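Input: a single structure, listed below in structure tokens.
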There are 2 protein chains.
Amino acid sequence: MDQLHLQNQLCFPLYALSRQMTALYRPYLEKLDLTYPQYLVMLLLWEHENLSIKKIGCELWLDSGTLTPLLKRMEETGLLTRDRSSEDERVVNVHLTKEGRQLQKKAVGIPDNIFSELSITNAQLKSLKKELSAILNGLEKKKEL
Amino acid sequence: MDQLHLQNQLCFPLYALSRQMTALYRPYLEKLDLTYPQYLVMLLLWEHENLSIKKIGCELWLDSGTLTPLLKRMEETGLLTRDRSSEDERVVNVHLTKEGRQLQKKAVGIPDNIFSELSITNAQLKSLKKELSAILNGLEKKKEL
DNA sequence: TTTTATTTAATTGTGCACAATCTAATTTTG
DNA sequence: CAAAATTAGATTGTGCACAATTAAATAAAA
């Protein structure tokens, strides 16, 4: 029955820390007029410039029910454009705008700021990221079976 | 600029794994007619039987905007009751019902089932839980300053 | 003791998440 | 080719999260 105690669960610190982490980002992201999931989309677009909704969903593990309205809001604020592909009309391509590109300059300092608030070492951070990613990939593989 | 790549962030695997973890719980919790945050409330009530909303919020790091409607739904399904304290009328006490207690029997197997789906060792799980909790507590202390 | 400040919940509003369903476009099969 | 299956997104509905405001009760201070 000990199994059912909150403090014995892995899932809880994962859930709580994930939310506290986005709370840590919030003051920085508010200055850029972004939410945390919108910030993740921008990270992808700063890297790739042009992506389908499908691809964004695969990278972030999010479906169209989440992404469609989120991307529409980001289109309204001028960070990106959405156009249906001419080769395959089912596909909607998301493209970074000039304003979207500009925003990257304001974001460069964020990761360092967050890191400094965490009071952990760089080595800890790296190993933790690795462990979490490993579990995540394990789940991904399972899904494919 | 590498800092701004999705794959170099700690926050992202944390965010993604947290959601995938609740997805892992979902099929089990649906059988109990619970959502994941509701399950966390039940874990607390199975341990303590009687808790104020304030206390639940402190334990789960959730505020009344989240808890008030969530607890009302759980009251409607008969898992708990909500009564204003007579000593201090500001306080609402949440009390486990018989049905709520009964539900524990159906939940005992869940942690083991989840663990077996994760394909990690018990040692890994424990150390991971410890690391995440440590960071979480670090943030908690910061808030108090 | 009356004012002031604090505390606990509830309320309102916005933005995710995600299941389920739907539509339209493309592929695959017979 | 035509019918069936698959795929990409959009839509609808429910349930969190959380900021900001409000209301009521209690505690603290002048």
Side-chain angles (χ1 to χ4, degrees), chain A residues 11-12 14-27 29-30 32-42 51-77 79 82-94 143, chain B residues 11-12 15-27 29-30 33-42 51-77 79 82-94 143:
Chain A
C11 61
F12 174 66
L14 200 56
Y15 161 79
L17 182 55
S18 172
R19 285 185 299 116
Q20 292 314 303
M21 201 70 118
T22 80
L24 222 53
Y25 276 85
R26 199 165 293 121
L29 294 181
E30 270 176 358
L32 313 194
D33 205 22
L34 288 176
T35 64
Y36 181 70
Q38 288 172 8
Y39 171 66
L40 295 180
V41 170
M42 292 308 292
L51 289 167
S52 69
I53 291 181
K54 171 74 179 171
K55 182 71 176 156
I56 294 173
C58 286
E59 293 290 330
L60 302 185
W61 299 58
L62 292 169
D63 73 0
S64 68
T66 302
L67 287 174
T68 295
L70 185 153
L71 293 170
K72 279 184 181 172
R73 280 188 289 272
M74 292 177 79
E75 186 176 37
E76 276 171 31
T77 59
L79 295 176
R82 294 157 12 95
D83 323 274
R84 241 164 231 290
S85 161
S86 47
E87 299 110 56
D88 186 338
E89 294 269 354
R90 290 171 306 181
V91 175
V92 170
N93 283 313
V94 171
K143 262 199 323 192
Chain B
C11 61
F12 173 66
Y15 162 79
L17 183 55
S18 172
R19 285 185 299 115
Q20 293 314 302
M21 201 71 116
T22 82
L24 222 54
Y25 276 86
R26 198 165 295 122
L29 295 181
E30 269 174 0
D33 205 22
L34 288 177
T35 64
Y36 181 71
Q38 289 172 10
Y39 172 67
L40 295 180
V41 170
M42 292 309 291
L51 287 168
S52 69
I53 292 181
K54 170 75 180 170
K55 181 73 177 155
I56 294 173
C58 287
E59 292 291 329
L60 303 184
W61 300 57
L62 291 170
D63 73 2
S64 67
T66 301
L67 288 174
T68 295
L70 183 152
L71 294 171
K72 279 183 181 172
R73 281 188 290 271
M74 292 176 79
E75 186 176 37
E76 276 171 31
T77 60
L79 297 175
R82 296 157 11 94
D83 323 274
R84 244 166 229 287
S85 162
S86 48
E87 300 111 55
D88 187 339
E89 295 266 352
R90 291 170 305 181
V91 174
V92 171
N93 283 314
V94 173
K143 261 201 320 195

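Since we're looking at a predicted model, the values are computed, not measured.
- Here Lys55(B) lies out of heavy-atom contact (under 4.0 Å) with every strand.
- Out of dA9(C), dA17(D), dG9(D), the shortest distance to the side chain of Tyr15(A) is found at dA17(D).
- The side chain of Arg90(A) sits closest to dT6(D) out of dT6(D), dA25(D), dG15(C).
- Taking atom CG on Leu67(B) and atom P on dA10(C), their separation rounds to 10 Å, with Å as the unit.
- Annotation: of the two residues near DNA chain D, Val92(A) and Thr22(A), the 5′-most nearest-nucleotide partner is Val92(A).
- Between the CZ atom of Arg19(B) and the P atom of dC16(D) there is a distance of 17 Å, rounded to whole Å.
- The listed nucleotides are dA25(D), dA9(C), dG9(D); the one nearest the side chain of Asp88(B) is dA25(D).
- Enclosure of atom CG in Asp83(B) by more than 12 non-hydrogen atoms of other residues, nucleotides or ligands within 6.0 angstrom is indicated.
- Between Thr68(B) and dA10(C), a side-chain N or O to OP1/OP2 separation shorter than 4.0 Å is present.
- If Ser52(A) and Glu87(B) are placed on DNA chain D by their nearest nucleotide, the residue sitting closer to the 5' end is Ser52(A).
- Considering Leu67(A), Ile53(A), Leu40(A) as possible partners of Leu62(A), the one that fulfils the side chain to side chain contact (heavy atoms under 4.5 Å, CB included) test is Leu67(A).
- The CD atom of Glu89(B) sits 7 Å away from the P atom of dA25(D) (whole-angstrom rounding).
- Judged by atom type and distance alone, Ser64(B) reaches the base of dA10(C) through a side-chain donor-acceptor pair under 3.5 Å.
- Residue Lys72(B) has a polar side-chain atom (N or O) positioned under 4.0 Å from OP1 or OP2 of dT11(C).
- Thr35(B) comes within 4.0 angstrom of the backbone, heavy atoms only, and of no base.
- As a whole-Å value, the separation of Trp61(B) CH2 from dC16(D) P is 21 Å.
- Between Arg84(B) and dA23(D) there is no side-chain polar atom (N or O) within less than 4.0 angstrom of OP1 or OP2.
- Straight-line distance from the OH atom of Tyr36(B) to the P atom of dT14(D): 24 Å, rounded to whole Å.
- A salt bridge links Glu59(B) with Lys55(B); the closest basic N to acidic carboxylate O contact falls under 4.0 Å.
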